[in-house]
Amino acid sequence: MIASQTATFPQGAVAVLTIDNPPVNGIGSGVRVALGKALEEAIANPMIKGIVLTGSGSFFSCGADIREFNTPKSRQEPSLRAIIEQLENSPKPTVAAIHGAALGGGLELALGCHYRIAQAKSSFGLPEVKLGILPGAGGTQRLPRLIGIGPALEMVAGGDSIDASQAQSLGLIERLVQTDLVSQACELALEASIRTEGLPRLSRAPIGATADSKVFDEARKLAGRRYRGCIAPLECIACVEKTLTFDLDEGLAFERERFQFLVNGDQSKAQRHLFFAERAAMKPPKVEAELTPIRKVGIVGAGTMGTGIAMSIANAGISVVMIERDQAGLDHGWEVIKGNYASSLSRGKLSDSDVKARLALISRSLDYAALADVDLVIEAAFEDMGVKKEIFSRLDAVCKPDTILASNTSRLDINDLAASTSRPSKVIGTHFFSPANVMRLLEVVQGTRTATDVIGSLFAFARKLGKIPVLVGVCDGFVGNRMVSPYTREAHFLLEEGATPEQVDSALRRFGMAMGPLQMGDMAGLDISWAARKRMAPTRPAHIRYSKVADTICELGRLGQKTGAGFYRYESGSRTPISDPAIDVLIAECAREAGVERREITDVEIIQRTMYALVNEGARILQEGIAQRASDIDVIYVAGYGFPAFRGGPMFYADTVGLAEVLATIERFHDRHGELWAPAPLLKELVENGRSFADL
Ligand code: 3H9
């Protein structure tokens with residue numbers, strides 16, 4: 001795990017210690033033991049004048065091995081803190097030679113070294129905050145002593161990486177090198193070994209210009225917006241703040257105590273769960289056949305979804321051709337795209353040449369013949385099976401035989417669509433989320449006849465786009481929207497039973513949801529779910545409870561933000577929901593007609609009714625094989641539906657509450673509210689066997 005070599009130069013010998021723990025040189029217990037020993041030997045060896053620490057493979061080191069947290073291995077001596085002390089207290093110069101990335105504990109190791117040099121393409125970061133923890137091996141104390149409070153605060157509490165030139169200008173690294181990283185590090189160590197002044201140790205460095213408290217207040221405000229509901233950013237800020245009043249030892253003790261508090265808490269367990277859940281979801285299926293390289297994509301429909309998808313493809317440097325029925329539609333889509341890029345330009349997110357390059361990748365046509373040479377078509381037309389089938393048969397006729405035909409439907413039957421073509425194995429669903437150029441989630445919908453290489457090709461394509469692809473099966477609404485139905489159903493029932501829209505939404509926002517379900521409906525447009533309900537009306541059993549609240553609101557022409565009114569009303573040009581007494585009257589009237597007795601509704605009931613509706617449906621989805629893993633559902637909800645990351649997703653949340661308790665509450669709801677609350681058989685089975693979703 002540590003390769004130890006001696007590099008000999010005319011001026012003397014240097015020990016080169018290489019962390020070799022693929023794929024990311026995570027610092028697990030094995031690495032710590034081996035590194036501690038190698039350091040001890042190098043320090044004791046009279047022939048060695050200096051020590052260089054580096055990494056094999058693609059990275060210097062990406063930090064502690066997260067899988068070991070909360071296990072006995074994390075307590076295995078020596079600790080990362082002890083190794084960093086060993087490096088810092090070494091009487092011989094220690095140099096970190098950094099390539100690829102130095103992240104988290106990897107950067108903390110480098111901060112323990114007396115000097116740091118790096119290759120031009122390397123990056124540096126303390127991303128612990130994104131895992132619900134803080135840099136617990138001195139990062140919050142040493143980094144401010146090296147680069148100053150402000151920049152350190154940004155790195156520690158924001159979690160984003162910086163590149164090598166930024167690192168150099170902040171003084172994080174001494175030198176940037178193009179080649180011969182390790183030999184240049186050795187030379188630096190040897191130069192330092194003959195200097196008479198003491199070695200630079202960050203533990204002894206004074207804290208530079210003191211920051212006034214406003215910097216910390218600002219950081220807390222920013223963290224509140226960026227990481228709403230998360231406690232880790234606040235703990236990160238508190239640790240950095242301590243550098244103003246504590247000496248290093250006191251600061252390290254404080255940092256250590258707060259790290260332990262976070263690492264043992266539910267929030268960080270949830271965020272670490274999501275880290276691995278995302279990676280599991282993004283693994284493509286095993287494919288025997290060759291994948292289709294996707295170099296050019298056709299988009300049918302230049303509406304909100306079509307334009308967003310076109311932009312996300314162009315952003316990845318891939319050519320797109322957009323097709324519309326008429327020139328006005330095509331022009332409108334083009335204006336939307338140009339407007340979005342202009343806004344990125346004015347906000348400094350993109351340069352003028354970036355914008356030009358991306359626009360140049362998007363061509364437009366009214367003629368399907370323009371799709372003759374594309375490798376993939378994504379249909380993003382009106383959500384109507386008749387319309388989509390017609391488009392698919394035209395695509396089938398005009399596209400190359402191996403072109404993949406995808407539909408961006410959010411709920412329609414991919415199998416039905418596939419059957420209308422001569423190439424069902426090449427038909428797949430790609431459910432993007434709006435705005436498609438921003439949202440990272442992509443539900444990849446596998447039809448019964450979709451070929452695995454088509455799925456594999458889509459996964460590779462999604463990764464190029466920077467998306468998180470999650471494989472789902474065919475059913476109404478797939479995973480995400482299918483679960484939204486019972487979630488919003490309960491929100492509407494709660495209105496009839498006595499809650500107001502603001503009460504429902506604010507309870508869920510306090511729980512951590514980015515937005516409440518009624519506010520979300522207004523934003524998305526109430527007509528979309530209204531159309532789905534109308535479609536299902538003929539088959540809806542009459543004896544099952546049904547709320548007419550949303551339908552009645554739509555019948556008044558209140559379709560959400562776009563019409564200035566929905567569950568709330570909106571001032572012209574504003575997206576801020578304002579309570580509307582007319583809606584309270586409408587709800588009371590619907591409740592009276594439905595014979596629902598109104599009562600006091602608590603926040604606890606709002607959370608349980610909506611969350612357990614998600615969980616119960618999620619369990620059915622799992623049992624039916626529509627989702628492959630409980631953790632995939634969590635990824636979908638966090639990445640696509642504003643579910644709080646610090647709760648890990650609905651299925652992880654249910655495990656945290658305890659499935660026995662969740663089931664008992666669902667059974668109570670079943671007794672009180674009837675068959676819509678029948679517990680999912682999988683949930684019952686798990687409780688009977690004392691298992692959790694995580695055990696599946
Ligand atoms: C820390 O350092 C705490 C200290 O402050 C204090 C301690 C006292 N541990 O993402 P990829 C796995 S906290 C364990 O697909 P990429 C990952 O699951 C740590 N495993 O590759 C995957 O496994 P599999 C602070 C890890 O090239 C495989 O490696 N550091 C870790 O797209 C490849 O990963 C971080 O938060 C880990 N630390 O991206 C950095 N990291 O093949 C977290 C990765 O079985 N890591 N794995 O699915 C990352 O951000 C990305 O992995 C990275 C590479 C950018 C490094």
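Whatever order the structure lists ligands and atoms in, that order sets their numbers, starting from 1.
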Shortest reach to [atom] by a heavy atom, considering only [options]:
atom                    : options              : result
atom 36 (O) of ligand 1 : L131, N21, L126      : L131
atom 38 (N) of ligand 1 : S123, A64, G26       : A64
atom 46 (N) of ligand 1 : F259, F69, F59, F275 : F275
atom 24 (P) of ligand 1 : R256, K283, R463     : K283
atom 30 (N) of ligand 1 : G63, C62, G104       : C62
atom 17 (C) of ligand 1 : E278, R279, E255     : R279

Q.
Rounded at 0.5 Å granularity, tell me how far CG in D266 sits from OG1 in T656.
A.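 Between atom CG of D266 and atom OG1 of T656 there are 5.5 Å.
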Q: List in chain and number order the residues that pass salt bridge (charged side-chain N to carboxylate O under 4.0 Å, His left out) with D375, two or more places apart in sequence or in another chain; answer none if no residue qualifies.
A: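 Checked D375 against salt bridge (charged side-chain N to carboxylate O under 4.0 Å, His left out); matches are K400.
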Protein residue, atom and distance nearest to [atom], heavy-atom basis:
atom                    : answer
atom 21 (O) of ligand 1 : V24 CG1, 4.9 Å
atom 55 (C) of ligand 1 : L103 CD1, 4.2 Å
atom 14 (C) of ligand 1 : D65 OD1, 3.2 Å
atom 6 (C) of ligand 1  : G136 N, 3.6 Å

Any atoms of ligand 1 less than 4.0 Å from a non-hydrogen atom of [X]? List them with their elements.
X    : answer
I66  : 9 (N), 14 (C), 37 (C), 38 (N)
R67  : 18 (O), 23 (O), 45 (O)
F276 : 18 (O)
P23  : 28 (C), 29 (O), 33 (C)
P135 : 5 (O)

Contact check, side chains of [X] and [Y], non-hydrogen atoms, under 4.5 Å:
X    : Y    : answer
S4   : E41  : no
N264 : N70  : yes
L465 : I318 : yes

Q | Polar side chain donor-acceptor pair, H114 to T94, under 3.5 angstrom | A |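 There is such a pair between these side chains.
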Q) Does the protein place any heavy atom closer than 4.0 Å to atom 53 (C) of ligand 1? A)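 Protein heavy atoms within 4.0 Å of atom 53 (C) of ligand 1 - there are none.
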Q.
For the 3.5 Å polar cut-off, considering only N or O atoms, please tell me whether E108 and ligand 1 meet it.
A.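 There is such a contact, yes.
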Q. Between F216 and R220, is there a cation-pi geometry (under 6.0 Å to ring centre, at most 45° from the normal)?
A.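 Judged by the rule, R220 and F216 form no cation-pi pair.
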Q) Taking the inter-plane angle between the rings of Y653 and F511 on a 0 to 90° scale, is it parallel (under 30°), tilted (30 to 60°) or perpendicular (over 60°)? A)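 Perpendicular: the ring planes of Y653 and F511 meet at over 60°.
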Q) Got a sec, which residues hit side chain to side chain contact (heavy atoms under 4.5 Å, CB included) with R256, two or more places apart in sequence or on another chain? A)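 In terms of side chain to side chain contact (heavy atoms under 4.5 Å, CB included), with neighbours along the sequence ignored, R256 is linked to R81.
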Q. Between H431 and F433, is the gap from one ring center to the other below 6.0 Å?
A.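 Between H431 and F433, the centre distance is under 6.0 Å.
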Q: Identify which one of Q76, K73, R75, E68 satisfies the side-chain hydrogen bond (donor to acceptor under 3.5 Å, both in side chains) criterion when paired with S29.
A: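 Of the listed options, the one satisfying the test is E68.
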